[in-house]
Number of protein chains: 2
Amino acid sequence: MPKDIGLSDRVLVGDCIDIMAELPSGSVDMVFADPPYNLQLAGALHRPDNSKVDAVDDDWDKFEDFATYDTFTRAWLKAARRVLKPDGTIWVIGSYHNVFRMGTALQDLHFWLLNDIVWRKTNPMPNFRGKRFTNAHETLIWAARDRRRRSYTFNYEALKELNEGLQMRSDWTLPLCTGAERLKNGSGKKAHPTQKPEALLFRCIMAASNPGDVILDPFFGSGTTGAVAKRLGRRFIGIERDADYAELARKRIAAVRPLPAEDVAPKPARRSEPRIPFGILIETGLLTPGATLADPSGRIQARVKADGTLSTTGPEGDLRGSIHQVGAAVQGAPSCNGWTFWHIDFDGKRLPIDHLRQQMRARMQ
Amino acid sequence: MPKDIGLSDRVLVGDCIDIMAELPSGSVDMVFADPPYNLQLAGALHRPDNSKVDAVDDDWDKFEDFATYDTFTRAWLKAARRVLKPDGTIWVIGSYHNVFRMGTALQDLHFWLLNDIVWRKTNPMPNFRGKRFTNAHETLIWAARDRRRRSYTFNYEALKELNEGLQMRSDWTLPLCTGAERLKNGSGKKAHPTQKPEALLFRCIMAASNPGDVILDPFFGSGTTGAVAKRLGRRFIGIERDADYAELARKRIAAVRPLPAEDVAPKPARRSEPRIPFGILIETGLLTPGATLADPSGRIQARVKADGTLSTTGPEGDLRGSIHQVGAAVQGAPSCNGWTFWHIDFDGKRLPIDHLRQQMRARMQ
DNA sequence: GCTTTTAATGAATCGTTCG
DNA sequence: TCGAACGATTCATTAAAAG
């Protein structure tokens with residue numbers, strides 16, 4: 001146990017660069033940092049139902065330009081590196097707005113990148129204007145303080161167990177922090193704009209620290225890092241600029257009870273079969289655009305398009321849409337399972353395209 | 001069709017920075033780039049059974065330090081930006097070794113990031129030493145040439161169809177390029193170390209280009225970009241430093257047959273349909289002055305005037321204006337699509353007036 | 001009490017055309 | 001070039017309200 005025990009399990013209020021400068025060097029086992037993302041939002045965004053999106057437009061996320069953001073990033077990373085033990089590791093989380101600048105800064109400051117981890121959100125906010133891909137993930141970078149030191153903590157076996165006996169991969173599928181876990185203020189609104197789910201911190205802390213280790217979070221916010229650290233028997237140092245958030249975090253953590261590790265194992269992953277979009281059969285070449293599909297009798301035919309739609313001529317004119325939509329339309333039925341309705345001739349046999357879906361599932365195992 | 005047709009559908013051998021300098025500026029619709037990853041492997045890597053992993057250790061992947069890699073990256077990105085049309089977009093792909101430096105360079109060169117995309121590999125190479133998470137993904141960055149230009153190509157509807165009616169997300173699950181698709185040399189070994197799956201290029205090209213567009217790949221390698229571009233009715237310019245790889249790509253692409261044009265046209269977006277002024281419905285008798293329109297619930301009503309305006313009594317007095325203006329006002333919303341907001345009773349059903357617009361469009365064919 | 005509908009919301013760099 | 005007008009656009013969850 002280090003002697004600086006007095007500093008741990010506390011939330012310090014102030015600028016993280018200043019406060020880290022006061023901490024003894026080489027005293028921290030792991031850093032988790034969720035800094036401002038520098039979102040650069042232009043105007044208000046409305047949903048199709050005309051409601052306004054509650055965006056992150058706080059002052060703490062505003063930077064004049066990339067150079068200002070880089071200066072800030074390098075300053076706190078440098079301070080964090082001094083405080084880390086030689087065998088320590090750091091986690092940072094960000095989106096495409098800032099994560100490339102953080103990754104570059106980490107490499108320039110001689111951190112050694114171990115992995116980039118993708119947090120796949122099961123329930124992200126959609127892209128309301130249809131102008132981009134749904135931004136459905138955030139990126140974490142996990143890095144060692146030094147290239148040379150190879151004795152950093154990585155609880156390989158524990159993570160493998162968490163993943164049902166398979167090596168934990170670099171993509172983690174987890175829901176957003178919503179519902180009862182999301183801290184609310186008096187009026188029922190979210191108390192902090194960017195509260196992270198505890199499951200995310202659980203996995204980072206479980207992977208890269210041991211019970212009794214000291215974990216530093218320089219952008220403590222609502223205190224998720226502290227809550228999970230306490231629950232998993234780790235110590236923590238939180239730094240937060242906003243006194244109200246710091247107080248919120250203190251109260252939250254005070255209510256947390258440390259638990260034996262076996263009681264906090266996450267829910268096992270769902271075993272359901274993965275959904276296979278029809279389009280992937282085309283993208284991977286199992287089906288060719290222009291191919292002809294037919295109903296079980298062979299009387300109704302339709303043509304496969306490159307975008308995964310079918311086209312055919314129905315009683316009321318041209319039809320184009322998904323395998324399910326066109327299948328329903330040609331039958332005059334309210335709905336249709338296109339996977340079992342549409343068939344393709346293969347080796348002289350007429351097989352449902354569900355057969356191709358099974359092949360695809362096997363490939364994607 | 002542009003006049004520089006002579007340059008497209010060719011594989012040029014040489015340094016991509018030199019060759020791009022010879023191309024006319026603003027002549028390319030989309031760039032796809034899979035540059036060297038700067039892997040920095042310390043020594044040979046062995047599997048648990050002591051077999052050696054066939055890692056990427058070619059000379060083209062060796063850079064002395066980050067500064068050298070950055071200089072190279074900025075030089076080819078700058079050249080690519082000059083060659084791009086003002087509304088063009090660029091895709092780059094990389095791993096954590098180099099993608100942060102590419103993202104930073106893109107931002108510094110005033111590209112405007114649109115998405116980062118995660119390619120989740122269904123069958124990644126495991127981590128043999130158990131010292132890190134299985135590196136199971138690579139990252140693509142999709143960026144517009146300019147922040148201002150918002151008319152870049154994004155075939156939203158086509159991508160949505162490829163994903164069975166749901167918005168395409170920023171995480172794509174696709175298998176590695178293996179089996180018959182993987183090009184082999186005479187002795188049965190892989191002909192190129194980093195051949196990308198055609199399914200990956202299919203999605204990029206389908207999303208961000210139209211048939212006939214020119215797609216430039218400055219690190220052509222085995223020519224996956226060219227093969228998929230040709231198949232989807234796009235033109236391409238490939239640049240490859242290694243004459244043997246260029247020849248491999250030429251032969252590969254020569255065997256590709258373009259799909260029929262009708263099969264590769266993306267599903268058209270609604271905004272590309274001809275504009276119908278509301279007043280035409282009245283002029284042509286589809287709607288009669290004096291008719292009553294209502295909101296979806298039927299609670300709010302308005303009266304159609306002969307000049308194509310609506311009039312109603314709102315909470316703050318009489319309102320009169322376009323279907324959009326009045327719709328916004330009665331909802332207290334900043335804007336409103338009057339076509340979908342206002343309904344009319346027809347054969348006992350309440351239908352949006354967009355239904356009448358569809359009839360009008362059909363008549364005007 | 002139970003089921004069905006409706007409403008709310010999440011780190012968002014989210015438009016195009018015409019006069 | 002700029003302002004005004006047109007009009008295109010959402011998924012998974014949770015929770016409250018309605019039946």
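Predicted model, so just to flag it, every value in this text is computed and none were measured. When reading the values below, keep in mind they use all heavy atoms of this one structure, side chains included, and skip hydrogens, waters and symmetry mates. Throughout, protein chains are lettered first and strands after them, A, B, ... in sequence-line order, and every chain is numbered starting at 1.
Within the 4.0 angstrom heavy-atom criterion, base atoms lie near A:W60. At the heavy-atom level, B:P277 lies nowhere under 4.0 Å from the strands shown. Note on B:R357: only backbone sugar-phosphate atoms sit closer than 4.0 angstrom, heavy atoms only; bases stay farther off. Residue contacts shown for A:D34 include a base, since a base heavy atom lies under 4.0 Å away.
Here the side chain of B:H137 pairs no donor or acceptor atom with the backbone of B:W119 at under 3.5 angstrom.
Within a 6.0 Å radius of NZ in A:K52, other residues, nucleotides and ligands contribute 12 heavy atoms or fewer. Within 6.0 Å of CZ on A:R182 lie more than 12 heavy atoms contributed by other residues, nucleotides or ligands.
Taking OH of A:Y245 as the reference point, atom CZ of A:F220 lies at 14.5 Å (rounded to 0.5 Å).
Under 4.0 angstrom from either OP1 or OP2 of D:dC11 there lies no side-chain N or O belonging to A:K121. The phosphate of C:dT13 (OP1 or OP2) has a side-chain N or O of A:N135 nearer than 4.0 angstrom. For B:Y152 and C:dG15, the shortest distance from a side-chain N or O to OP1 or OP2 is not below 4.0 Å. An OP1 or OP2 oxygen of C:dG10 is reached within less than 4.0 angstrom by a side-chain nitrogen or oxygen of A:K190. The shortest distance between the side-chain N/O atoms of B:R270 and the OP1/OP2 oxygens of D:dT9 is below 4.0 Å. At D:dA12, none of the side-chain N or O atoms of A:R120 fall inside 4.0 Å of OP1 or OP2 (strictly under the cut-off). The shortest distance between the side-chain N/O atoms of A:K189 and the OP1/OP2 oxygens of C:dT9 is below 4.0 Å. Within the structure, every side-chain polar atom (N or O) of B:H324 is placed at least 4.0 Å from both OP1 and OP2 of D:dC6.
D:dA15: Watson-Crick or G-U partner is C:dT6, with both key distances under 3.5 Å.
Here A:Y96 does not count as stacked on C:dT13, because the ring centres are not under 5.5 angstrom apart with planes under 30°.
For B:L166, counting side-chain heavy atoms from C-beta on, the closest listed nucleotide (C:dA11, D:dT10, D:dC11) is D:dC11.
At a non-hydrogen distance threshold of 4.0 Å, B:S335, B:C336, B:N337, B:W339 from residues 332-344 of chain B come into contact with DNA chain D.
Salt bridge status for A:E198 with A:R252: present, with a side-chain N to carboxylate O gap under 4.0 Å.
A donor N or O paired with an acceptor N or O is found under 3.5 Å between the base of C:dT13 and the side-chain atoms of A:R132. Judged by distance alone with a 3.5 Å cut-off, a donor-acceptor contact links the side chain of A:R47 to the base of C:dG10.
A cation-pi geometry, defined here as NZ or CZ lying under 6.0 Å from the six-membered ring centre and within 45° of its normal, does not hold between B:R101 and A:F100.
Between C:dG15 and C:dA11, the two C1' atoms lie 22 Å apart (nearest whole Å).
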